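What's counted below: heavy atoms across the whole structure, side chains too, no hydrogens, waters or symmetry copies. Please read these numbers as outputs of a predicted model, since none were measured by experiment.
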Amino acid sequence: MPYTTEIIIAATITVAAFLYFLRPKYKKEKLLLLTKYRRVRTKSLEIQDSISKYILTNDALDDNFLPDLTYGQFMRKLKKAHSLYLSEKTYVKLKNSSNIFFLKKTGRLLDEQEKHLDDIEKKLLFEKPEIA
């Protein structure tokens, strides 16, 4: 194997060049993801605050939000989803992560949470204008 050294050097240079050009794109995507995380997290907290104010103002904890769901139950579901997907602990984990697969998975989860929160917001505006 007379070319072993040259092959190793060429492979090392190729990997280094690949990582050098990939890193700026990765950093930009991570920054966008962190910004999106904060935006979705803030939206979740605002919706929780609006529902909480409505419950307190109208004493509506046991009133029906949906036919099979009270405002209190709905609020607990929102808080649970927030703690699972949008907690500060998850944000720090995301911020410190360099795993591309974890970032992509988190991006998909954020998309789902954002869609879910948009649906809730539309429902709140349609059903109970005084909540929003």
Side-chain angles (χ1 to χ4, degrees):
M1 291 247 168
Y3 298 112
T4 304
T5 308
E6 289 85 1
I7 291 173
I8 291 173
I9 292 171
T12 303
I13 291 172
T14 304
V15 169
F18 178 74
L19 291 176
Y20 177 76
F21 290 110
L22 181 67
R23 189 153 179 87
K25 181 182 174 190
Y26 159 78
K27 277 187 162 184
K28 184 179 178 183
E29 287 178 8
K30 185 175 180 179
L31 182 61
L32 290 172
L33 187 62
L34 290 170
T35 304
K36 183 176 187 174
Y37 189 94
R38 282 291 187 194
R39 186 181 69 243
V40 173
R41 187 173 194 270
T42 301
K43 184 181 230 177
S44 173
L45 291 171
E46 288 171 353
I47 289 173
Q48 288 180 45
D49 188 46
S50 295
I51 293 173
S52 180
K53 284 179 184 176
Y54 178 80
I55 289 171
L56 291 173
T57 304
N58 299 305
D59 194 27
L61 187 65
D62 295 322
D63 292 352
N64 283 341
F65 176 69
L66 297 172
D68 59 341
L69 192 68
T70 66
Y71 278 95
Q73 293 168 332
F74 182 66
M75 189 68 174
R76 283 189 292 278
K77 287 177 81 170
L78 275 178
K79 286 183 177 184
K80 184 176 181 181
H82 183 87
S83 67
L84 282 174
Y85 302 114
L86 301 171
S87 69
E88 189 65 28
K89 182 180 175 183
T90 306
Y91 177 79
V92 171
K93 185 178 176 183
L94 176 64
K95 187 176 178 182
N96 295 331
S97 177
S98 59
N99 185 335
I100 293 173
F101 297 112
F102 176 70
L103 297 176
K104 288 185 182 204
K105 178 184 172 190
T106 304
R108 286 191 303 272
L109 288 173
L110 282 177
D111 290 341
E112 291 173 16
Q113 287 300 308
E114 189 170 35
K115 183 181 181 312
H116 181 68
L117 291 171
D118 287 342
D119 292 345
I120 290 171
E121 205 168 42
K122 287 176 188 171
K123 178 142 184 71
L124 290 175
L125 289 173
F126 182 71
E127 295 289 324
K128 307 280 185 195
E130 64 272 8
I131 290 179

Got a second to check how far L124's CG is from L117's CG, nearest 0.5 Å?
-> 10.0 Å
Atom pair CG/CG of L110 and L33 - distance to nearest 0.5 Å = 5.5 Å
Can you tell me which residue pairs pass the salt bridge (charged side-chain N to carboxylate O under 4.0 Å, His left out) test with a partner in residues 52-64, sequence neighbours excluded?
-> D49-K53
Would you mind listing every ring-ring contact (aromatic ring centres under 6.0 Å, His included) that reaches into residues 72-105, with sequence neighbours excluded?
-> Y37-Y91, F65-F74
Write down the atom of S87, the atom of R41, and the distance for their closest heavy-atom approach.
-> C-NE, 3.9 Å
Sequence neighbours excluded, which residues qualify as salt bridge (Lys or Arg N to Asp or Glu O under 4.0 Å) partners of D68?
-> none
Does I8 have any side-chain contact (heavy atoms from CB on, under 4.5 Å) partners at least two apart in sequence or in another chain, and if so, which?
-> T4, T12
List in chain and number order the residues that pass side-chain contact (heavy atoms from CB on, under 4.5 Å) with S83, two or more places apart in sequence or in another chain; answer none if no residue qualifies.
-> none
Please name all residues satisfying side chain to side chain donor-acceptor pair (under 3.5 Å) with T42, sequence neighbours left out, ordered by chain then number.
-> none
Please list, chain by chain and in numerical order, all residues satisfying side chain to side chain donor-acceptor pair (under 3.5 Å) with K43, sequence neighbours excluded.
-> D118
Decide yes or no for L61 and T70: does some side-chain heavy atom of the first lie under 4.5 Å from some side-chain heavy atom of the second?
-> no
Got a sec, which pairs hit side chain to side chain donor-acceptor pair (under 3.5 Å) with one end in residues 99-111, sequence neighbours left out?
-> K36-D111
Considering non-hydrogen atoms only, spot the tightest contact between L66 and K123 and give its length.
-> CD2-CE, 2.9 Å
So the salt bridge (charged side-chain N to carboxylate O under 4.0 Å, His left out) pairs with at least one residue in residues 74-84 (sequence neighbours excluded) are none
Rounded to the nearest 0.5 Å, how far does CD of E114 lie from CG of D119?
-> 11.0 Å
For E88, the side chain to side chain donor-acceptor pair (under 3.5 Å) test, sequence neighbours excluded, returns R38
Tracing side-chain contacts under 4.5 Å among Ile, Leu, Val, Met, Phe, Trp and Tyr outward from I13 reaches I9
Interatomic spacing from CD1 in I47 to NE2 in H116 - rounded to 0.5 Å | 8.5 Å
Could you pull out the closest heavy-atom pair between A60 and Y54, with the gap in Å?
-> CB-CE2, 3.9 Å
Taking it one step at a time, do S44 and Q48 satisfy side chain to side chain donor-acceptor pair (under 3.5 Å)?
-> CA-CA 6 Å; S44 173; Q48 288 180 45; 3.2 Å; yes
Side chain to side chain donor-acceptor pair (under 3.5 Å) against K93, all qualifying residues, sequence neighbours excluded = none
CD1/I120 to NZ/K115 distance, rounded to the nearest 0.5 angstrom?
-> 11.0 Å
Starting at CE of M75, measure out to CG of L69 and round the result to the nearest 0.5 Å.
-> 12.5 Å
Quick one: are T90 and L94 in side-chain contact, heavy atoms under 4.5 Å?
-> no
